[in-house]
Structure formats: structure tokens, C-alpha cells
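Inspection log for the structure reproduced underneath, given as C-alpha cells.
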Amino acid sequence: MLDVLKFSRKPYKLGLVLSGGGARGFAHAGALQALEEVGLKPDIIAGVSAGSVVTAMYASGMAPEEIVKVFADAKFGDFAELGVPRDGFFSMDGFKKFLKKHIPFERIEDLPRPAVICATDLDNNKPVDFTEGPLFDCVAASCSIPIIFKPVRINGITYVDGGVLANLPAWALRDKCKYLIGINCSPMPRRGKPKSLMDIAHRTYDLLVKNNSQSQMQLCDLAISIDDIASYKVFNLKEIRRVFRSGYDNTLSAMLNEGFKHLGSRSGL
């Protein structure tokens, strides 16, 4: 295990980065529950797509179990509004309204815990890390899977899902933290031949995020992959309790195997 106590001028001790993954992203809430149980709470947290949702909610002060409860009775239609498919099939307006009901902060910089929301700048072809700005617009931008959702415009710039370039945003925190943990809940699923435009979009996105996540995992001091949720569909919220449990079990196991039990009280993390 790396020496987390070595001298560093990095402003944060423990950082946590959360990947995209659609409904599988609720594994992140389970991971947070496990981290808290071994005495670790991140000083700063960054997320992409589904990971940005959990990032925003956790940074606002919600407990991991509360995050799951908010979505327990929800369905895809509660968030996505079908629109004219010129630049995407669904609008993110309903999703932003849903977030506003549960997060009492309008801007990223107002969140009680430091948070970074990562997206892709489609106009300038680069990843971006929002540390300030309109919270709900930034989270919606981070979640806007191309083709499926319409891009989100913020200050005249077009943004789409952060997973397009880096589905695990370790790049956004690596230079800010002494120790960095990454949670990847986008394992490559085994599916049959794509049968529709949506199937093709899903498969393309799965391949994209699989390839760009590997280098990001290598930037983490500890990278945890929640592989046993691969079969769960991206937009199926019916299994979020099982997904939560998978995130919890895998993270707790990884932490104990790495000798992290009670690390928080021993190291000052």
C-alpha cells in the first residue's frame, strides 16, 4: 500500500472519483456507504454522468442511503422528455427539475463538500471539470449521452456526457489529492447483436467508455471496478437496491483487502 502520509502540497488528503454507468451508477452510493463504515470520507469528490449525480447529492449532504431512496420509485420517463430528434431523442429538462426537488443548492461552489462535475466540451473537443457554475445544468451536461439526449448549452458552449472522453475522471483530481480512489461501475456487458438505434447507441457508448477508462484507473492509487453489475441495463431503475449492494460489497472487500480498515483514524485521512 502506498504511503498516504508522505509530504505533499496537494490541497486535499483523500479524493474520490466516480464513473458513469446509468442506473448502475447507484453502485457509487453503496461504495460511499462502505467507505464511511471504514472511517473514510472524501475531502473532494468528482463524477461523470451517473457519477456526477451521486457526486452532487453526496456533496449536498445527503447520506448514501438517502440517494437511493430518492430514485427508488422513479422511472426513466420521470427524467427524460421526448423531443424532436434533431440533436438527441430526449431533453434533460425533466431531469433538471427532478434534481432541483432534492438538492437545495443552485451552484456547485455552494455545496458543503468540494465537488467537481465533469463533462465534454463538444465545441472545443476537450474534457472539462466544473468546480463552479449552475449545478443542475452542469450535471445534466455530464449526463447527456450523445444521440440519446440533447446536448446542454452553458454560457454558449455545447456540452455532452463526460464519459465520451474520460468516463472515470481521475484526471480532474489527481493533482489535487494525496490519495485518490476511483470507482468504476461501467463494466463491459455481454449483449447479443444490436437490434435498434438505441441498442447501437448503447453498444457504441459501452465500447467508448471501456477504452477510455483504463488509463484513468491507472491514475488512481486504488481503483475498484464493480464488475458484477455488467448485466444491468443502463436505464433500468428497478434493480438499484441490488446495484447499491454490489457497490457496497465490492468496495468493502477491496478496502479490507488493501488493509484500509480504520485507516481514517490511523492516518488522519
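Computed from a prediction, not measured in an experiment: that's the story for all the values here.
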Heavy-atom check, side chain of [X] versus side chain of [Y], under 4.5 Å:
{"X": "Cys118", "Y": "Pro127", "value": "no"}
{"X": "Met57", "Y": "Ile103", "value": "yes"}
{"X": "Ser19", "Y": "Cys185", "value": "yes"}
{"X": "Met62", "Y": "Val70", "value": "yes"}
{"X": "Pro146", "Y": "Val164", "value": "yes"}
{"X": "Ile181", "Y": "Met255", "value": "yes"}
{"X": "Leu99", "Y": "Val53", "value": "yes"}
{"X": "Phe149", "Y": "Val160", "value": "no"}

Would you confirm whether [X], through its side chain, and [Y], through its main-chain N or O, come within 3.5 Å as a donor-acceptor pair?
{"X": "Thr251", "Y": "Tyr248", "value": "no"}
{"X": "Ser142", "Y": "Cys138", "value": "no"}
{"X": "Asn124", "Y": "Lys126", "value": "no"}
{"X": "Ser253", "Y": "Asp249", "value": "no"}
{"X": "Glu132", "Y": "Arg107", "value": "no"}

Ignoring hydrogens, what is the shortest heavy-atom contact between [X] and [Y]? Give both atom names and the distance.
{"X": "Ala170", "Y": "Leu219", "result": "CB-CB, 3.9 Å"}
{"X": "Ala115", "Y": "Ile108", "result": "O-CG2, 3.6 Å"}
{"X": "Ala50", "Y": "Gly22", "result": "CB-O, 3.2 Å"}

Pairs involving residues 53-66, ordered by first then second residue, that meet side chain to side chain donor-acceptor pair (under 3.5 Å) (sequence neighbours left out)
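Listed by first then second residue: Glu36-Tyr58, Glu65-Arg241.
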Which residues pass the salt bridge (charged side-chain N to carboxylate O under 4.0 Å, His left out) test with Asp137, sequence neighbours left out?
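Salt bridge (charged side-chain N to carboxylate O under 4.0 Å, His left out) list for Asp137, sorted by chain: Lys96.
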Can you measure from CD1 (Ile44) to OH (Tyr12) and round to the nearest 0.5 angstrom?
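If we round to the nearest 0.5 Å, Ile44:CD1 and Tyr12:OH are 4.0 Å apart.
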Leu32 side, atom CG; Leu40 side, atom CG - distance, nearest 0.5 Å:
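Going from CG on Leu32 over to CG on Leu40, the span is 11.0 Å.
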Residues that Arg113 engages under side-chain hydrogen bond (donor to acceptor under 3.5 Å, both in side chains), provided they are two or more places apart
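Applying side-chain hydrogen bond (donor to acceptor under 3.5 Å, both in side chains) to Arg113 gives none.
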Aromatic ring proximity Phe244/Phe71, centre distance under 6.0 Å:
no
Check the angle between the aromatic planes of Phe130 and Tyr159 and answer parallel, tilted or perpendicular using the 30° and 60° thresholds.
perpendicular
Are Ile45 and Phe26 grouped together when hydrophobic residues (ILVMFWY) are joined by side-chain heavy atoms under 4.5 angstrom apart?
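As far as the 4.5 Å side-chain criterion goes, Phe26 and Ile45 are connected within one cluster.
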If you apply the rule side-chain contact (heavy atoms from CB on, under 4.5 Å), what do you find for Met217 with Leu168, and how did you get there?
CA-CA 7 Å; Met217 292 178 72; Leu168 184 71; 3.6 Å; yes
How far apart are the C-alpha atoms of Arg174 and Asp221, what are their side-chain angles, what is the distance that settles it, and do they pass the salt bridge (charged side-chain N to carboxylate O under 4.0 Å, His left out) test?
CA-CA 9 Å; Arg174 178 64 280 178; Asp221 296 301; 3.2 Å; yes
Is it the case that the side chains of Gln33 and Glu37 hold a donor-acceptor pair, with the cut-off being a distance below 3.5 Å and no angle test?
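Indeed, the side chains of Glu37 and Gln33 share at least one donor-acceptor pair under 3.5 Å.
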